[in-house]
K.L.:
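Shown below is the structure under consideration.
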Amino acid sequence: MRSLLFLLTLAIGAAVGLGLTWITMVNGYGPGLVRSGPWETWPRAGTETADPYARAAFARAGELPLELADGIAFVAKTDSSGKALDGRCDIRVSGSLPQARFWTLTVTDHEGRLIDNAADRSSFTSTEVVWNRDSTLDVALGPRAHAGNWLPTGARDRIVLTFRLYDTSVGLANRTSDAPEMPGVTTEHCPWESGS
């Protein structure tokens, strides 16, 4: 009876431990998350001090993280109100960016793949984008072309935005209170919401 109870306890402990590890790996890169509105980053994930969960998540995804000396990547899967980013809607990324020598903004599907589109564009860089007069950024995303800075979404139902900031002091952040101000992400129009 004791050995049966021991085996049952061992099985429950293993299932809970493996389950929590899986959830941690699938939902990010472990502890050390820094949030700024809808943008999330794990600044220590690409360092020698990265925790085992971050290393396992990067290995599982086949990604190569940025080292703190190189830069930092911010990912948004929702807009600023918490609504999942839907590529069938018109979305706007606007506002100020932290100081960086160079940056990229990339749109991918929910699995991290670039989206095929007729415009053959999936990202902007800091040297390509047209800035507002007040030095803020304004990028439209959606299935239909827009004037100005526009990234096509291919009408995918779930999309992910990634801002990569290179040669920036933001990489030194390691607590939520250190989160820099990032541009807002707004869902402006979804065809099914207006009946069109």
Side-chain angles (χ1 to χ4, degrees), residues 33-43 45-46 63-110 112-156 158-191:
L33 170 68
V34 174
R35 281 198 172 110
S36 179
W39 302 98
E40 298 179 335
T41 187
W42 289 263
E63 296 177 27
L64 183 63
L66 289 173
E67 173 65 48
L68 276 177
D70 298 329
I72 192 164
F74 285 87
V75 177
K77 296 179 181 177
T78 66
D79 64 13
S80 295
S81 68
K83 181 178 177 181
L85 292 177
D86 191 324
R88 299 169 294 182
C89 303
D90 291 325
I91 300 167
R92 187 160 302 276
V93 177
S94 57
S96 299
L97 275 171
Q99 185 90 22
R101 185 176 305 273
F102 185 77
W103 59 258
T104 62
L105 172 62
T106 307
V107 61
T108 60
D109 66 14
H110 69 282
R113 295 179 301 221
L114 296 177
I115 299 170
D116 289 330
N117 59 78
D120 198 26
R121 175 175 283 283
S122 57
S123 65
F124 272 116
T125 68
S126 52
T127 58
E128 298 171 317
V129 75
V130 177
W131 293 88
N132 295 330
R133 288 185 178 173
D134 61 357
S135 298
T136 58
L137 180 68
D138 191 29
V139 177
L141 296 96
R144 294 171 304 281
H146 291 266
N149 301 319
W150 170 66
L151 287 175
T153 59
R156 296 294 198 286
R158 289 189 298 164
I159 61 171
V160 177
L161 301 176
T162 305
F163 250 120
R164 289 178 181 85
L165 305 173
Y166 297 94
D167 196 9
T168 178
S169 60
V170 172
L172 302 176
N174 61 3
R175 296 187 311 273
T176 304
S177 61
D178 294 328
E181 182 180 343
M182 292 291 290
V185 181
T186 309
T187 301
E188 295 185 329
H189 172 259
C190 293

K.L.:
To the nearest 0.5 Å, how far apart are CG in Leu85 and OG1 in Thr78?
P.N.:
6.0 Å
K.L.:
Say you draw a straight line from OG1 of Thr162 to CD of Glu40; how long is it, rounded to the nearest 0.5 Å?
P.N.:
11.0 Å
K.L.:
Is there a side-chain contact between Leu97 and Phe163, using heavy atoms and a 4.5 Å cut-off?
P.N.:
yes
K.L.:
Are Leu114 and Thr106 side-chain neighbours, meaning at least one heavy-atom pair lies under 4.5 Å?
P.N.:
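When only atoms from C-beta onward are counted, Thr106 and Leu114 do touch, with a gap below 4.5 Å.
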K.L.:
Can you measure from CZ (Arg158) to CZ (Arg88) and round to the nearest 0.5 angstrom?
P.N.:
10.5 Å
K.L.:
Counting distance only, does the side-chain N/O of Thr136 pair as donor-acceptor with the main-chain N or O of Ser96 below 3.5 Å?
P.N.:
no
K.L.:
Are the side chain of Asn132 and the backbone of Ser135 linked by a donor-acceptor contact shorter than 3.5 Å?
P.N.:
no
K.L.:
Any side-chain heavy atom of Pro143 within less than 4.5 Å of one from Asp90?
P.N.:
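When only atoms from C-beta onward are counted, Asp90 and Pro143 do touch, with a gap below 4.5 Å.
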K.L.:
Determine whether Leu161 and Leu141 make a side-chain contact, defined as any pair of heavy atoms from C-beta on separated by less than 4.5 Å.
P.N.:
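With C-beta onward as the side chain, the pair touches.
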K.L.:
Could you give all pairs that pass the salt bridge (Lys or Arg N to Asp or Glu O under 4.0 Å) test and reach residues 125-140, with sequence neighbours left out?
P.N.:
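Sorted result for residues 125-140: Arg92-Asp138, Arg121-Glu128.
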K.L.:
Would you mind telling me which of Trp103, Phe102, Tyr166 makes a side-chain contact (heavy atoms from CB on, under 4.5 Å) with Thr125?
P.N.:
Phe102
K.L.:
Do Cys190 and Lys83 touch side chain to side chain, with heavy atoms closer than 4.5 Å?
P.N.:
yes
K.L.:
Test Trp131 against Leu137 for side chain to side chain contact (heavy atoms under 4.5 Å, CB included), laying out the working first.
P.N.:
CA-CA 6 Å; Trp131 293 88; Leu137 180 68; 4.3 Å; yes
K.L.:
Are the side chains of Ile91 and Ile159 in contact, using a 4.5 Å heavy-atom criterion?
P.N.:
yes
K.L.:
What's the shortest heavy-atom distance between Thr168 and Ile72, and which atoms?
P.N.:
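That would be CG2-CG2, 4.1 Å.
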K.L.:
Is it true that a side-chain atom of Ser80 and a backbone atom of Val185 form a donor plus acceptor pair closer than 3.5 Å?
P.N.:
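Yes, because the side chain of Ser80 sits within donor-acceptor range (under 3.5 Å) of the backbone of Val185.
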K.L.:
Is the shortest side-chain heavy-atom distance between Met182 and Pro98 below 4.5 Å?
P.N.:
yes
K.L.:
Search all heavy atoms of Ala73 against all heavy atoms of Thr41 and return the closest pair with its distance.
P.N.:
O-OG1, 2.7 Å
K.L.:
With sequence neighbours excluded, tell me which residues meet side chain to side chain donor-acceptor pair (under 3.5 Å) with Thr187.
P.N.:
Asp79
K.L.:
Which distance, rounded to the nearest 0.5 Å, do you find between the OG of Ser123 and the CZ of Arg164?
P.N.:
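If we round to the nearest 0.5 Å, Ser123:OG and Arg164:CZ are 9.0 Å apart.
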K.L.:
Looking at Pro180 and Phe74, what are the two nearest heavy atoms and their distance?
P.N.:
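Shortest heavy-atom contact: CG-CZ, 3.7 Å.
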K.L.:
How close do Gly154 and Ile115 get, counting heavy atoms only, and between which atoms?
P.N.:
CA-CG2, 3.9 Å
K.L.:
How long is the span from the OG atom in Ser36 to the CD atom in Glu181, to the nearest 0.5 Å?
P.N.:
7.0 Å
K.L.:
State, to 0.1 Å, how close Pro183 and Trp39 come at their nearest heavy-atom pair, and which atoms those are.
P.N.:
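Looking at all heavy atoms of both residues, the closest pair is O-NE1, 2.8 Å.
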K.L.:
Decide yes or no for Thr108 and Arg156: does some side-chain heavy atom of the first lie under 4.5 Å from some side-chain heavy atom of the second?
P.N.:
no
